[in-house]
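First up is the structure itself, then whatever we jot down about it.
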Protein chains: 4
Amino acid sequence: MTVKQPARRSERSRQAILGAAAELVAEVGFPKLTIEAIAARAGVGKQTIYRWWPSKGAVVFDAMLSGMSEDGDLSLPDTGDLAADLRLVLRGTVAEMADPAFQAPGRAMTTEIQSDPVLAREYRERLLGPNLEAAKARLRSAQETGEVGRNVDLDVAVEMIFGPVYYRWLLRLGPLDDAYADAVAGLAVAGLR
Amino acid sequence: MTVKQPARRSERSRQAILGAAAELVAEVGFPKLTIEAIAARAGVGKQTIYRWWPSKGAVVFDAMLSGMSEDGDLSLPDTGDLAADLRLVLRGTVAEMADPAFQAPGRAMTTEIQSDPVLAREYRERLLGPNLEAAKARLRSAQETGEVGRNVDLDVAVEMIFGPVYYRWLLRLGPLDDAYADAVAGLAVAGLR
Amino acid sequence: MTVKQPARRSERSRQAILGAAAELVAEVGFPKLTIEAIAARAGVGKQTIYRWWPSKGAVVFDAMLSGMSEDGDLSLPDTGDLAADLRLVLRGTVAEMADPAFQAPGRAMTTEIQSDPVLAREYRERLLGPNLEAAKARLRSAQETGEVGRNVDLDVAVEMIFGPVYYRWLLRLGPLDDAYADAVAGLAVAGLR
Amino acid sequence: MTVKQPARRSERSRQAILGAAAELVAEVGFPKLTIEAIAARAGVGKQTIYRWWPSKGAVVFDAMLSGMSEDGDLSLPDTGDLAADLRLVLRGTVAEMADPAFQAPGRAMTTEIQSDPVLAREYRERLLGPNLEAAKARLRSAQETGEVGRNVDLDVAVEMIFGPVYYRWLLRLGPLDDAYADAVAGLAVAGLR
DNA sequence: AAGTAATCGAGACGGTACGTCATGTCTTACC
DNA sequence: GGTAAGACATGACGTACCGTCTCGATTACTT
């Protein structure tokens, strides 16, 4: 969340808290995670957490952000073959979602977002939004080559691509493997034509 | 959840608990819902809840089940026009999801499913599964008329239909209206061809 | 307590309850003794206990009564030598009080008597009273031989004899052995002259 | 009880708890006294009680200690006339025991001591012991004047003095008035010669 | 270099809810 | 009708965390 960065904040404590939060959410899951446990594990006073983060969710969110390479290039490949590019992207998405290290915090995030509007906004704007924007950019380019219909609503289009994957992941409806990624990519490309 | 059915369980208490849970989850939301409040509202001892349900989530789940017409005909319409049928179904789905009365418990359910495997199974088997099966049946019929390709994996196909809607709903990515339902239906039908 | 003796009372259950109570009070002590545990140990419904006894204390009291030879001859020996007779009696009293098997129920009794007037009355009339009466009888006889002064209040006198022993036992002020019994007997006899 | 004195304990809370405990034990009696009620009356969290006292009994004990002038001069009068001095002391003892305000907590204490060894020790060392010591000191002085035999065991002697009173009080064997105090004093002095 | 103010660790505080236990009442089915 | 079994409403238990608060003790800027 990183509310603000005042002069005298202890970076050491911040790191310890984020690290402890990341460890603990993986160990016990989000619902059983407590601020007290984070403070204890981080060797930090509770107040230091309350001073800088508004909620448990915010801490975990920050911990997840720290754990990600925020600088990563989000843009999708553009080889001119939309189907191939989507297959590639979805295979990556699917692999990440199947990764056990991502599961606990990922689900926690989804959960927390449901009851914390501030967090939800943060999530949409800082994590999800940029990714969806990148996908839309690729589809826009595909519209120019004619691979995607001109009248297709791109907001709906990106949801057609990632929605099914997210759905299967969250509700554990089936395996998240390359075959699945390819199938979704195939149906999507066909639909967008 | 209805774990087991020993001897003589008080039906009156069961109804009161389920009713109170449904009311309270709508009033305060799932995270702020407490067993004590349910017991108090239902005029029931806490132990009576703990005796029959393993967790808060299980109670709310049961409450939701009770609130639904379980006998309802799940099968999709089959007018011979797949696109029209899907539009109809998705409009209904979207309307339900936009309904404020469904929001709180619906999100609560999704949330709770993430950390309770028993509940998750129950959810998939008793609520989600039948609905997806009904959709698959309609698609299978569409395969016979040629509206859907023979080699399309129907599991993936149903996720292509409902996944995007669920995605938009859960992450609040945009409005859930008829236009959106139609757009999703359109793209899906095109993809499945 | 034995409230009443209606026709169809199960003697088998009564015995089982009293036995279980006696065992349990020795095992866990009176404060941790529960009606449920007694019922379970006795293989009896809780209601059967509630039907026949008004309180936990009453059950234990009855159990203790059953455990004692109620028919025993309470009268003190009268050899003509009061000091010797008292030594004998007090040695017996002291030995009983030091007996581990008597400790738990004995203390429980004392405890329970404090807050249950009915029980207290029962205790004084059925257990304590007869014993004190017997001692008074012996002292009365001693008054005739001149070993005890004519103007001595015998109620006070018996309390001078048993009070110190009870005091030392209840508050664990020191060992309860023959030497102590003899010392008390000696001082008492001297005082009563 | 005052288990330990770490860091910064709230004196205000301590007083409120002790006060509430004293009031409540007088109102409802020890067996019906609950920690929750004490906390509520004191305007304090339950945890604050559990943090500093190990049991309900310990709280009440502390409350009683606070209610007593701990600084009081315990030593018995020494006018040179043992009988007169003992009469005086026993009249005081008897009056205190007959005082309704002392009854409930006094009996509670006795009761609680039976099942809590820690409390029992505390009681013997901090309340009872000093009083008995004071009495022994007076008797020792009497041994020098010849009023008490040289070979009398003073531990037994003090029990001969207070035991009967305690016995009559606890088991409600008779009135606790001046006449009784005098009778006990008289018999005791005669015995100790 | 000393003064000073924000931050830190620690943890006590008033609370809420937890999940468990025992109470005493009740209902059912058996004998 | 008494019984074993056990569900029920009640209410206290002792524990876990909540979010706030105070306490020195650093610590890094200011003067």
Side-chain angles (χ1 to χ4, degrees), chain A residues 6-14 16-17 32-40 42-56, chain B residues 6-14 16-17 32-40 42-56, chain C residues 6-14 16-17 32-40 42-56, chain D residues 6-14 16-17 32-40 42-56:
Chain A
R8 324 256 260 77
R9 174 168 186 180
S10 160
E11 183 58 20
R12 150 196 268 282
S13 291
R14 195 182 149 270
I17 290 164
K32 297 202 154 181
L33 178 65
T34 66
I35 298 270
E36 297 214 322
I38 297 175
V44 136
K46 279 198 295 178
Q47 198 57 244
T48 302
I49 299 183
Y50 284 111
R51 185 153 32 230
W52 303 111
W53 289 274
S55 70
K56 183 175 75 163
Chain B
R8 288 169 320 303
R9 172 171 188 179
S10 160
E11 184 57 22
R12 147 196 271 282
S13 291
R14 196 181 147 271
I17 290 164
K32 297 205 155 181
L33 179 64
T34 67
I35 298 267
E36 296 211 323
I38 298 175
V44 139
K46 277 199 290 178
Q47 199 59 241
T48 300
I49 299 182
Y50 284 112
R51 186 153 31 228
W52 302 110
W53 289 274
S55 69
K56 183 174 74 164
Chain C
R8 321 259 259 80
R9 175 167 186 182
S10 159
E11 182 58 20
R12 147 195 271 282
S13 291
R14 196 181 149 272
I17 289 164
K32 296 203 155 180
L33 178 66
T34 67
I35 298 269
E36 297 211 322
I38 297 174
V44 137
K46 280 198 293 176
Q47 199 55 246
T48 301
I49 299 182
Y50 284 111
R51 184 151 34 227
W52 302 111
W53 289 273
S55 71
K56 185 174 72 162
Chain D
R8 289 171 315 308
R9 173 170 185 181
S10 161
E11 183 57 21
R12 148 194 273 283
S13 292
R14 196 181 148 270
I17 290 164
K32 296 205 154 181
L33 178 65
T34 68
I35 297 268
E36 296 210 323
I38 298 175
V44 138
K46 276 198 291 178
Q47 201 57 238
T48 300
I49 299 182
Y50 284 111
R51 190 156 25 231
W52 303 110
W53 289 273
S55 69
K56 184 175 73 163

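Reminder, nothing fancy here: chain letters follow the sequence lines and each chain counts from 1.
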First of B/S10 and C/V44 reached from the 5' end of DNA chain F, by closest nucleotide: C/V44

Are OP1 or OP2 of [N] and a side-chain N or O of [X] less than 4.0 angstrom apart?
X     : N     : answer
C/W52 : F/dT3 : yes
B/S13 : F/dA9 : yes
B/T48 : F/dA7 : no
A/R51 : E/dC8 : yes

Rounded at 0.5 Å granularity, tell me how far CD1 in B/I38 sits from NZ in B/K56. 8.0 Å

Rounded to the nearest 0.5 Å, what separates atom NZ in C/K32 from atom OG1 in C/T34? 11.5 Å

Whole-Å distance between [N] [atom2] and [X] [atom1]?
X     : N      : atom1 : atom2 : answer
A/W53 : E/dT7  : CH2   : P     : 13 Å
C/I49 : F/dG6  : CD1   : P     : 15 Å
A/L33 : F/dC17 : CG    : P     : 10 Å
A/R9  : E/dC8  : CZ    : P     : 7 Å
B/Y50 : E/dA17 : OH    : P     : 12 Å
A/R12 : E/dT7  : CZ    : C1'   : 14 Å
A/E36 : E/dA10 : CD    : P     : 13 Å
B/I17 : F/dC8  : CD1   : C1'   : 11 Å

Between D/G43 and B/I35, whichever has its closest DNA chain E nucleotide further toward 5' is D/G43

Both C/K56 and D/K46 contact DNA chain E. Which one's nearest nucleotide lies toward the 5' end? D/K46

Closest approach of C/W53 to C/I17 (non-hydrogen atoms, all atoms of both residues): CZ3-CD1, 3.7 Å

Residues D/A39 and D/G45: closest non-hydrogen pair is CB-C, 4.3 Å

D/R14 to D/W52, cation-pi by 6.0 Å centre distance and 45° axis angle: no

Candidates E/dT23, F/dC21, F/dC17 - which lies nearest the side chain of A/Q47: F/dC21

